[in-house]
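Bear in mind that the values here come from a model prediction, so they are computed numbers and not experimental data. Both counts, for ligands and for their atoms, begin at 1 and track the order of listing. We use all heavy atoms of the structure for the numbers below, so side chains are in, but hydrogens, waters and symmetry mates are not.
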Amino acid sequence: MIKLVKGFHDILPEEMPKWSFIRETARQTLERFGFREIVPPIMERTELFARGIGEVTDIVEKEMYTFEDRGGESLSLRPEATAGILRAVAEHSLLRKDSLLKVYAIGPMFRRERPSKGRFRQFFQVDAEVLGDDSPFTDAEIIAAAHAIVSEIGATDLIMEVNSVGCRNCREGYRALLREFLEPYLGELCGDCQRRYHTNPLRILDCKVPRCAEISLDAPIITDSLDESCREHFRGVQTALEQLDIPYRLEPRMVRGLDYYTRTAFEVVHGELGRTKAVGGGGRYDNLLGELGGPDVSGIGFAIGLERLAMGLPDDDPRFARSVDAYVAILGERAQSEGFRLVNTLRRAGFSVESRYSGTSLKAQMKVADKVSARRVIMIGDDELARKELTVRDMNTKQQATVGMGDIVTYLLNLQDGPLCGR
Ligand code: HAM
């Protein structure tokens, strides 16, 4: 047997109701916030991610699935959606028609990380981006949208962590301060962080190696290095969050794993999984669209990991329960043809219907009806054929009714609880 690629996963039919629920809730919430869907491809030129996410990020340095295609071009499976969305916005001049654009995408991302609980090499994100606006209200609104998605899905024990990583100027000064603080500890940092000290010292704050994390605890915080306009912007974001009653916590040590952020950065963190396995994250980027060839306007966005969101939800949540309007129990050889016709007549009338044509006993078929949570079982056997009537059993009340074969659609349509899918 050829097995699944390590770190990838199948989503099996029994998991789909939960997945569909999450996806549809995210979709509906974002549509309500004024976002429209966009579907960029899952593969782009490697250069896009190197330029967009940053050459010296873990994602670009060691986690991308990069290959040379037969034409000799370097392509990569997308490790995130933002760069591709912004490429599409620039390429199709989407901001020429509207000065503000709100788009979202749902789909798989690929990162060759070490697989563990909640960490996969293929995972799904719902990603939302607002382009063409740098008001702090927009920051608060996008944090509110992320919060609305997770709360409407019913995920509990989640906190919004918020920080400002300043603009390029603030970061320049902060980087120098950080290097100055870290210099005496340079020999104690892990190999990666010794390298990061020179290339991207902010990433050291995110290192999971215990000694690096311990040293970082006393490091200066970026919010102390913000210039007046970044400070004011951040204050505006917090006031707007309070206006909307969004529960949040300031986290001055949060640096995101992607280099494009400026000013507001945030993460949706699970109490149990912690920040290393955040449910979502995002932030503002003032320069990214311009750098990718689009207009020089600011943007902000976030992505929520669907697997991590799904992990926090119980499998037996009644909202994921699947049921069908009717199970047609076909009893005996002679009823097969009429039963087959009945199943398909009901489906054409808009009902969801299950049946088995294998001629098993009533008991076995009642088990199937239970398994698919049929609301009604419609029995058709020799007696029914002779009388041209059907026996309809309500699986909740256990009451049975006899209905003329020609009247079954009308009968089902007139029932008080009505069909699940036929309305
Ligand atoms: P990110 O923080 O790298 O941000 O990823 C967002 C979310 O994707 C994470 O919080 C997590 O739920 C999920 N995720 C990331 N890696 C994995 C993995 N290996 N396995 C399972 N889930 C994972 C971004 O991707 C940015 N593009 C977000 C953004 C949009 N910023 C601005 N706009």
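Within ligand 1, the atoms closer than 4.0 Å to a non-hydrogen atom of Leu258 are 3 (O), 4 (O), 24 (C), numbered from 1 in the order shown. Taking a cut-off of under 4.0 Å to the non-hydrogen atoms of Gly281, the atoms of ligand 1 that pass are 10 (O), 28 (C), 29 (C). For ligand 1 and Arg119, the ligand atoms under 4.0 Å from any heavy atom of the residue are 19 (N), 20 (N).
Proximity of Asp127 to ligand 1, defined as any heavy-atom pair under 4.0 Å, is confined to the side chain (atoms from C-beta onward). Contacts between Gln125 and ligand 1 below 4.0 angstrom, taking non-hydrogen atoms only, involve the side chain exclusively. Looking at Ile300 against ligand 1, nothing comes within 4.0 Å, counting heavy atoms. Residue contacts with ligand 1 for Arg121 are absent, since no atom lies close enough (heavy atoms, distance under 4.0 Å). The side chain of Arg256, and not its backbone, has at least one atom closer than 4.0 Å to an atom of ligand 1 (non-hydrogen atoms only; side chain from C-beta on).
For atom 31 (N) of ligand 1, the nearest non-hydrogen atom of the protein is Tyr261 OH, 2.6 Å. Looking only at protein heavy atoms, the nearest one to atom 26 (C) of ligand 1 is Tyr260 OH, 3.4 Å. Among protein heavy atoms, the minimum distance from atom 14 (N) of ligand 1 is reached at Phe123 CE1, 3.4 Å. For atom 21 (C) of ligand 1, the nearest protein heavy atom (residue, atom name, distance) is Gly118 O, 3.3 Å. The closest protein non-hydrogen atom to atom 9 (C) of ligand 1 is Ala278 O, 3.7 Å. Nearest protein heavy-atom contact of atom 20 (N) of ligand 1 is Phe120 N, 2.9 Å. Counting protein heavy atoms only, atom 33 (N) of ligand 1 is closest to Glu129 OE2, 2.8 Å.
A distance below 6.0 Å separates the ring centres of Phe21 and Phe320. The six-membered or imidazole ring of Tyr104 lies away from that of Phe35, with a centre-to-centre distance of 6.0 Å or more. For Phe340 and Tyr357, the ring centers sit closer than 6.0 Å to each other.
Atom CD of Glu242 sits in a crowded spot, with more than 12 heavy atoms from other residues, nucleotides or ligands closer than 6.0 Å. Counting non-hydrogen atoms of neighbouring residues, nucleotides and ligands closer than 6.0 angstrom, the CD atom of Glu228 exceeds 12 such neighbours. The environment of CD in Glu31 is crowded: more than 12 heavy-atom neighbours from other residues, nucleotides or ligands sit within 6.0 Å. Within a 6.0 Å sphere centred on NZ of Lys398, other residues, nucleotides and ligands contribute more than 12 heavy atoms.
Residue Glu80 has at least one nitrogen or oxygen atom sitting less than 3.5 Å from a nitrogen or oxygen atom of ligand 1, judged on distance alone. The N/O atoms of Gly282, backbone and side chain alike, include none that comes under 3.5 Å of an N/O atom in ligand 1. Residue Gly305 has at least one N or O atom closer than 3.5 Å to an N or O atom of ligand 1. The shortest N or O to N or O distance between Val279 and ligand 1 is below 3.5 Å.
The closest approach between a heavy atom of Gly257 and any atom of ligand 1 is not below 4.0 Å.
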- Task: Assess whether salt bridge (Lys or Arg N to Asp or Glu O under 4.0 Å) is satisfied between Glu68 and Arg70, documenting all intermediate values.
- Result: CA-CA 7 Å; Glu68 202 171 280; Arg70 288 170 199 269; over 6 Å; no
Problem - Intermediate values then yes/no, side-chain hydrogen bond (donor to acceptor under 3.5 Å, both in side chains), Ser355 and Tyr327 - result: CA-CA 6 Å; Ser355 190; Tyr327 179 88; 4.8 Å; no
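Looking at residues two or more places apart in sequence or on another chain, you find no side chain to side chain donor-acceptor pair (under 3.5 Å) involving Gln122. Listed by chain and residue number, Phe181 satisfy the ring-ring contact (aromatic ring centres under 6.0 Å, His included) test with Tyr185 (two or more places apart in sequence, or in another chain).
A donor atom on one side chain and an acceptor atom on the other are found under 3.5 Å apart for Asp259 and Asn200. For the residue pair Thr66 and Ser76, a side-chain donor N or O sits within less than 3.5 Å of a side-chain acceptor on the partner.
Of the candidates Glu267, Met311, Glu113, it is Glu113 that places a heavy atom closest to atom 19 (N) of ligand 1. Among Glu63, His270, Arg111, the residue whose heavy atom sits closest to atom 3 (O) of ligand 1 is Arg111.
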